[in-house]
Structures are given as structure tokens and as C-alpha cells.
Amino acid sequence: MEKKRIRMIVAYDGTNYHGWQVQDNGITIESELNRCLTELLREPVQVCGASRTDSGVHALGNVAVFDTTARMPAEKIAYALNQRLPEDIRIQRSEEVAGDWHPRYCESRKTYEYRIYRAEFPMPVKRLYSYFTYHALDVGRMREAGACLEGEHDFKSFCQTGAQVLSTVRTLYTLQVEEQGPDLVIRVCGNGFLYNMVRIIAGTLLEVGQGKREPETMGEILKAKDRAAAGPTAPAHGLTLVRYEFL
């Protein structure tokens, strides 16, 4: 039978998973999708994700594709698959695309949000989706520092050591620091992100907000091209992939 390619929009709470990509040492988003699709369509299925989010990171709309010879209509797969998946993974849409369409090989924009909860004491219902701090943060300084990262730069200083990539040059279209009551949201939109890049940016902006670094040092960090020049990697649970746009 003729194969067709299906694109899915996948939302998940990453708390209980070892990231997106299949791992030998634990359950992942990809392994759960493969397992449930294989059961549903009664043929071996391996999905390919647009973004390989890290352990503990969440997503409102990651993108995955797979090929199938099953006769089930593409738009019905989301409904049937959601009946089999764990409740912390849900398909938001499924549709047929061209047989050669691949999410990693077309121009796109990704938007991530890193959420910070500012208070005297932690709030239990926010603990899985926000990083808690009791430190006062100067939001103006954080915005000034963030603006230095917009545009095309070599972000090697904001990439985890040892990552295997052909180039560390990326473009950030916008970097916003938005206050939502006690929550602070660092929203970053770019054409691609290096391993741990958003979390390292968040950790560095937190140091700026606490007065440990000056906003203008962001330019010096970029020029250093050295991971040691940037701040710490902020914890994974504060990060969510909120949007994927194909241009």
C-alpha cells in the first residue's frame, strides 16, 4: 500500500519523561508516541520530532511526523491516538503533508518561554512549571541585557559544552522579559536553538536581575565564545516550547 506522511502537533508535560528523544534509560515522549502509534496502526511506527526537548521540559506545540500505510484518515489519528496516550501527552492536531516534508529541513521560528515565580515562599501549584526565586529581580536590567542578544550572533557561550553542531550561529528575532503579577516570563523567538541555550540565557539574565552582572556584559559573553563566560543553566522545569511556526 502507498505510504502517506502525517504531521502532528504534540503538547506534553515533560515532568515524568527523559526528554523527547528515545533513550535507553527511561521513558520519553518519542518512545510513548512510537509505542501507541504502533499499537493503533498495527505497523511499526517511528516518529521524528522537530525539537528534541530536554528532560523535564514542556511543550504546547512540538511537531512530529511519521509515515504510515494505514487507511485511517489523517485528521482522525489525533482522536484515536489520544485515547491511548498517557494523560500528560496530547495530540492537538494531525494532518497529511507532502511525502518529502520534514520539520527539521524547512525554515521555521520557535518560541520558548522560561517562567520564574517571584515570592517570599514557593507556591506548590507552580513548582512543576516555574523556577522559584525569593531574590528581588531588576526587570529593567534584564530587559536591557536581553536586547543585546537579539539578532544574528555566535551563541557558542550559551551552548552546553560538548554539543555536536555544525554551527553555533543563530538568530533571535525577539527576547522579551514580561511581568505577569508575581510571574516573570522570558520569551525568546528564534530560527533555532542550541543545546540548553534558552536555559543558559535564563540563568544569565537571572544573574543580571540580581545585580551579579551588568547588562552590557552580554556582548562580552557573546564575544568570548566560551560556555564558562555565561551564567548557570536554569532548571528544566521552567521551560516550555510554546510555538513552532513554519515560514
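Please read all numbers here as calculations on a predicted model, not as lab measurements.
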Separation of [Y] [atom2] from [X] [atom1] (nearest 0.5 Å):
X: T133; Y: Y131; atom1: OG1; atom2: OH; result: 5.0 Å
X: R84; Y: T38; atom1: CZ; atom2: OG1; result: 10.5 Å
X: L40; Y: N82; atom1: CG; atom2: CG; result: 10.5 Å
X: K212; Y: Q210; atom1: NZ; atom2: CD; result: 4.5 Å
X: M197; Y: R170; atom1: CE; atom2: CZ; result: 7.5 Å
X: K110; Y: N191; atom1: NZ; atom2: CG; result: 9.0 Å

Partners passing salt bridge (charged side-chain N to carboxylate O under 4.0 Å, His left out) against [X] (at least two apart in sequence or in another chain):
X: E30; result: none
X: E43; result: none
X: D67; result: R5
X: E152; result: none

May I ask whether [X] and [Y] are part of the same hydrophobic cluster, defined by side-chain heavy atoms of I, L, V, M, F, W, Y residues being less than 4.5 angstrom apart, directly or through others?
X: L239; Y: V63; result: yes
X: V165; Y: V188; result: yes
X: F66; Y: L33; result: yes
X: L172; Y: L205; result: yes
X: I91; Y: I27; result: yes

Margin query: For Y173, I'd like to know if atom OH has over 12 heavy atoms of other residues, nucleotides or ligands within 6.0 Å.
Written below: yes

* For atom CG of D24, is the number of surrounding heavy atoms from other residues, nucleotides or ligands below 6.0 Å larger than 12? -> no

Of all the heavy-atom pairs spanning [X] and [Y], show the shortest one and how long it is.
X: F246; Y: R7; value: CD1-NH1, 4.4 Å
X: A230; Y: F158; value: CB-CE2, 4.1 Å
X: M218; Y: C148; value: CB-CB, 3.8 Å
X: L137; Y: R118; value: CD1-CD, 4.0 Å
X: V22; Y: S31; value: CG2-N, 4.0 Å
X: Q46; Y: N34; value: CA-OD1, 3.3 Å

Please check this pair: side chain of [X] against backbone of [Y], looking for a donor-acceptor N/O pair closer than 3.5 Å.
X: R141; Y: R213; result: yes
X: H102; Y: R104; result: yes
X: T68; Y: A70; result: yes
X: E95; Y: R93; result: no
X: R127; Y: P124; result: yes

Taken in chain and number order and not counting sequence neighbours, the residues that satisfy ring-ring contact (aromatic ring centres under 6.0 Å, His included) with Y129 are H58

Any side-chain heavy-atom pair from [X] and [Y] closer than 4.5 angstrom?
X: C106; Y: W101; result: yes
X: M142; Y: L184; result: yes
X: I201; Y: L175; result: yes
X: E178; Y: R187; result: yes
X: R90; Y: L85; result: yes
X: I29; Y: I89; result: yes
X: Y17; Y: T15; result: no
X: V139; Y: E179; result: yes

Is it true that E2 and K4 have a side-chain N and a carboxylate O under 4.0 angstrom from each other? no

Using side chain to side chain contact (heavy atoms under 4.5 Å, CB included), reason through E144 and E216 one step at a time and then give a plain yes or no. CA-CA 8 Å; E144 184 182 344; E216 56 269 23; 4.3 Å; yes

Verdict with supporting geometry, E113 and V242, side chain to side chain contact (heavy atoms under 4.5 Å, CB included):
CA-CA 7 Å; E113 288 184 355; V242 298; 3.8 Å; yes

Requested in this report: List the steps, then state whether side chain to side chain contact (heavy atoms under 4.5 Å, CB included) holds for T240 with L60.
Outcome: CA-CA 7 Å; T240 299; L60 303 184; 3.9 Å; yes

Donor on one side chain, acceptor on other, [X] and [Y], under 3.5 Å:
X: Y12; Y: N62; result: yes
X: Q180; Y: R115; result: yes
X: Y114; Y: S130; result: no
X: Y195; Y: D54; result: no

Check: residues 220-228 side-chain donor-acceptor pairs under 3.5 Å, at least two apart:
from : atom 1 : to   : atom 2 : distance (Å)
D226 : OD1    : A228 : N      : 3.1
R227 : NH1    : G231 : O      : 2.8
R227 : NH2    : G231 : O      : 3.0
R227 : NH2    : T233 : OG1    : 3.0

Test of ring centre spacing under 6.0 Å for Y112 and F193:
yes

| said: Working note: V65 + M8, criterion side chain to side chain contact (heavy atoms under 4.5 Å, CB included); need CA distance, chi angles, decisive distance, verdict. | reply: CA-CA 6 Å; V65 294; M8 303 187 300; over 6 Å; no

